[in-house]
Amino acid sequence: MESNHDSQISSQQCKGKLKVNCNVCASPRLTVFLTLPNYPLNSIFVDAISDKRTYFADYGLYQCTSCFHIQGESSFSLNDLYNAGYSYAANTEGVHKRMRLLVERIAHTCKDKQFNRVIDIGCNQMAFLKMLKDAGLAANHWIGIDPVPLRQPTPEEGFTFIQGYIQEVDIPWRDNNLPDLMVADQVLEHIPSTHTIIQELSDASSPESLLFIGVPSIELIIDNLSFQHIIHEHVNYFSESALAKCFLDSDFDLQSSQLNNECSEGYLFQTYKKSPTTTPRLNRSSVNHAERFKKMYDLYRHNLELSKSLIQAYKDAAFGFGASVCTGTLAYFMQSDFDFLVSIFDDTAYKNNKYIPGLKPQVINLPKGFAINNSVIFITAPHVARSIIHRLIPDRPQRIINPLQVF
């Protein structure tokens with residue numbers, strides 16, 4: 001990954017390339033914010049070293065000058081991203097921790113309430129539906145919706161799976177005498193024209209329905225120097241104010257909003273209630289995160305360059321630790337193929353003996369009895385650096401380098 005992969009912050013006005021308006025306020029006033037040529041897909045693990053063009057495409061970030069929403073555009077088509085081979089790590093501990101946090105919020109809010117339908121939008125393998133059911137929520141119907149083809153649930157599970165996008169499917173069993181509970185966890189960041197989807201959710205649900213939303217937080221991406229979490233699949237990077245603005249013309253009232261930094265990735269959780277009213281909605285003021293984004297992005301790139309120089313100065317063998325879904329994008333921002341690493345250790349079974357496109361070292365399970373104390377360890381999954389360091393410290397490695405904490 002050399003100079004042809006370099007990323008650039010730009011304030012250049014869009015000139016025809018971006019053919020959509022702002023996903024929040026529908027304004028056409030979008031400016032180029034960050035350009036990432038030949039940017040890698042995340043979550044890809046292959047059998048051999050590969051630089052295939054199918055794993056790389058141009059990606060850009062844009063900012064709306066009307067409401068300051070930040071959104072992305074990938075050169076990949078939706079069919080390139082979402083198909084039977086789409087990999088979402090639904091069974092990882094990080095994902096389950098986020099789900100548990102959201103389930104706790106829902107269970108607390110919905111205690112002793114009776115719902116007609118629980119509708120999980122973007123249900124993947126229906127793990128979240130199961131967690132909600134196990135939490136004791138009361139509902140007549142349990143429905144999962146996802147565009148990616150999934151297994152059909154068994155009769156014992158009691159779930160109904162509908163394949164498709166929320167705006168294209170008919171959801172059965174509506175009853176206006178009972179509210180619905182709807183969940184969109186890690187969904188709205190994938191959906192263009194988000195403001196139009198909100199109306200679809202309103203039309204599909206009964207009065208007094210509750211909607212719980214979880215999305216990655218642009219505020220926390222900036223605060224945590226987590227720019228490797230910019231990925232092709234995300235077309236929205238919501239702030240609290242931008243997400244709330246999607247609902248201004250809807251029947252949904254904002255009930256609560258919280259930034260949560262308990263997981264490896266920072267999240268924004270919001271709760272809405274469908275309450276038709278003639279009173280004006282709260283017009284939350286827009287917040288411009290652009291300048292802080294640029295400042296922290298420069299620091300991020302500076303830290304990565306320092307960490308790369310530091311590890312290359314060691315004569316001893318260096319190993320990576322943690323083959324995360326964003327290790328490839330981290331390497332991209334470092335302008336490196338990690339050729340200074342012998343291999344990348346990761347204990348996830350399906351990643352063993354695999355490669356991340358664009359990177360030289362092989363991912364392997366940590367060999368039994370390997371002498372960590374003789375090695376330099378470079379953390380290749382910095383968003384879980386704390387747990388990696390906690391695991392490695394007892395083995396007293398020669399040096400641990402976290403690329404996001406070089407100051």
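Between Ile166 and Ile121, the shortest heavy-atom contact is CB-CG2, 4.2 Å. Ala139 and Val118 make their closest contact through CB-CG2, 3.6 Å (heavy atoms, listed as atom of the first residue, atom of the second, distance). Annotation for Phe33 and Lys294: closest pair CE1-CE, 4.1 Å, computed over non-hydrogen atoms. The minimum heavy-atom distance between Ser239 and His289, with the atom names listed, is CB-NE2, 3.5 Å. Summarising the geometry of Ala317 relative to Val342, their closest heavy-atom pair is CB-CG2, 4.0 Å, with the distance given to 0.1 Å. Shortest non-hydrogen contact noted between Val183 and Leu211 is N-CD1, 4.5 Å.
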* Passes side-chain hydrogen bond (donor to acceptor under 3.5 Å, both in side chains), Asn261 versus Asn224? Steps please. -> CA-CA 9 Å; Asn261 220 2; Asn224 298 336; 2.9 Å; yes
* Run the numbers on Cys22 and Ser66 for side-chain contact (heavy atoms from CB on, under 4.5 Å), then give the verdict. => CA-CA 9 Å; Cys22 174; Ser66 295; over 6 Å; no
* side-chain contact (heavy atoms from CB on, under 4.5 Å) between Phe115 and Asn140: does it pass, once the steps are laid out? -> CA-CA 7 Å; Phe115 295 98; Asn140 297 327; over 6 Å; no
* Chi angles and distances behind the ring-ring contact (aromatic ring centres under 6.0 Å, His included) call for Phe333, Phe227 -> CA-CA 9 Å; Phe333 287 116; Phe227 297 101; 7.4 Å; no
* To do: Under the side-chain hydrogen bond (donor to acceptor under 3.5 Å, both in side chains) rule, what do Thr327 and Ser324 come out as? Steps first, then yes or no, please.
  => CA-CA 5 Å; Thr327 294; Ser324 82; 3.3 Å; yes
* Asked: Passes side-chain contact (heavy atoms from CB on, under 4.5 Å), Tyr297 versus Ile222? Steps please.
  -> CA-CA 8 Å; Tyr297 178 79; Ile222 295 170; over 6 Å; no
* To do: Please lay out, stage by stage, how Val103 and Phe128 fare under the test side-chain contact (heavy atoms from CB on, under 4.5 Å).
  => CA-CA 8 Å; Val103 167; Phe128 194 76; 3.6 Å; yes
* To do: Go through the steps for Lys360 and Asp51 under the test salt bridge (Lys or Arg N to Asp or Glu O under 4.0 Å), then give the verdict.
  => CA-CA 10 Å; Lys360 293 291 178 63; Asp51 284 305; over 6 Å; no
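Expressed to the nearest 0.5 Å, how far CG of Leu330 lies from CG of Asn42 amounts to 12.5 Å. To the nearest 0.5 Å, atom CD of residue Gln270 and atom CG of residue Leu254 are 5.5 Å apart. Between the CG atom in Asn260 and the CD atom in Glu265 there is a gap of 11.5 Å [rounded to 0.5 Å]. A distance of 11.5 Å separates NE2 in His302 from CG in Leu225, rounded to the nearest 0.5 Å. Summarising the geometry, atom CZ belonging to Arg117 is positioned 5.5 Å from atom CD1 belonging to Ile143; distances are rounded to the nearest 0.5 Å. Note that OG of Ser257 is 7.5 Å distant from CG of Leu243, once rounded to the nearest 0.5 Å.
When the shell of 6.0 Å around CZ of Arg386 is examined, it contains 12 or fewer heavy atoms from other residues, nucleotides or ligands. Atom CG of Asp203 sits in a crowded spot, with more than 12 heavy atoms from other residues, nucleotides or ligands closer than 6.0 Å.
Electrostatic pairing of Asp134 and Lys130 counts as a salt bridge here, judged by a charged N lying under 4.0 Å from a carboxylate O. No salt bridge links Lys274 with Asp251; every basic N to acidic carboxylate O contact stays at or beyond 4.0 Å. Using a 4.0 Å cut-off between a side-chain N of Lys or Arg and a carboxylate O of Asp or Glu, Arg98 and Asp185 qualify as a salt bridge. For Lys273 and Asp253, the salt-bridge test fails: no basic side-chain N is under 4.0 Å from an acidic carboxylate O.
Side-chain atoms of Asn288 come within 3.5 Å of backbone N or O of Ala290 as a donor-acceptor pair. In this structure a side-chain-to-backbone donor-acceptor pair under 3.5 Å is present from Ser387 to Val384. Of the possible donor and acceptor atoms, one in the side chain of Thr380 sits under 3.5 Å from a partner among the backbone N and O of Gly322. Listed for the Glu233 side chain is no donor-acceptor partner under 3.5 Å among the backbone atoms of Ile231. Looking only at distances, a side-chain donor or acceptor of Ser75 sits under 3.5 Å from a matching main-chain atom of Asp58. Judged by distance alone, with hydrogens and angles left aside, the side-chain atoms of His383 form no donor-acceptor pair with the main-chain N or O of Cys326 at under 3.5 Å. In this structure, Lys97 contributes its side chain and Glu262 its backbone to a donor-acceptor pair below 3.5 Å. Between the side chain of Lys351 and the main chain of Ala323, a donor-acceptor pair closer than 3.5 Å is present. A donor-acceptor pair under 3.5 Å links the side-chain atoms of Ser217 to the main chain of Glu219, judged by distance alone. At least one donor-acceptor pair under 3.5 Å links the side chain of His195 to the backbone N or O of Asn23.
Gln63 and Thr31 share no donor-acceptor pair across their side chains, judged by distance under 3.5 Å alone. Side-chain atoms of Asn236 and His69 include a donor-acceptor pair closer than 3.5 Å. A donor atom on one side chain and an acceptor atom on the other are not found under 3.5 Å apart for Asn374 and Asp316. Donor-acceptor pairing under 3.5 Å is lacking for the side chains of Ser193 and Thr196. Gln258 and Tyr267 are not linked by any side-chain donor-acceptor pair at a separation below 3.5 angstrom, with hydrogens and angles left out of the test. For the residue pair Thr271/Ser256, the side-chain donor-acceptor check at 3.5 Å is satisfied. Side-chain contact check for Asn303 and Arg301: no donor-acceptor pair (N or O, by modelled atom type) lies under 3.5 Å.
Residues Leu181 and Cys110 have side chains in contact (heavy-atom distance under 4.5 Å, counting atoms from C-beta outward). Pro147 has its side chain out of reach of Glu168: every pair of non-hydrogen atoms, C-beta onward, lies at least 4.5 Å apart.
The only option from Leu34, Thr35, Leu30 that meets the side-chain contact (heavy atoms from CB on, under 4.5 Å) definition with Val32 turns out to be Thr35.
Using bins of under 30°, 30° to 60° and over 60° for the plane-to-plane angle, the ring pair Tyr272/Phe247 lands in the parallel bin.
For Phe340 and Phe338, the distance between ring centers is under 6.0 angstrom.
Every residue two or more places apart in sequence or in another chain that forms a ring pair (Phe, Tyr, Trp, His ring centres under 6.0 Å) with Phe319 is listed here: Phe345, Phe370.
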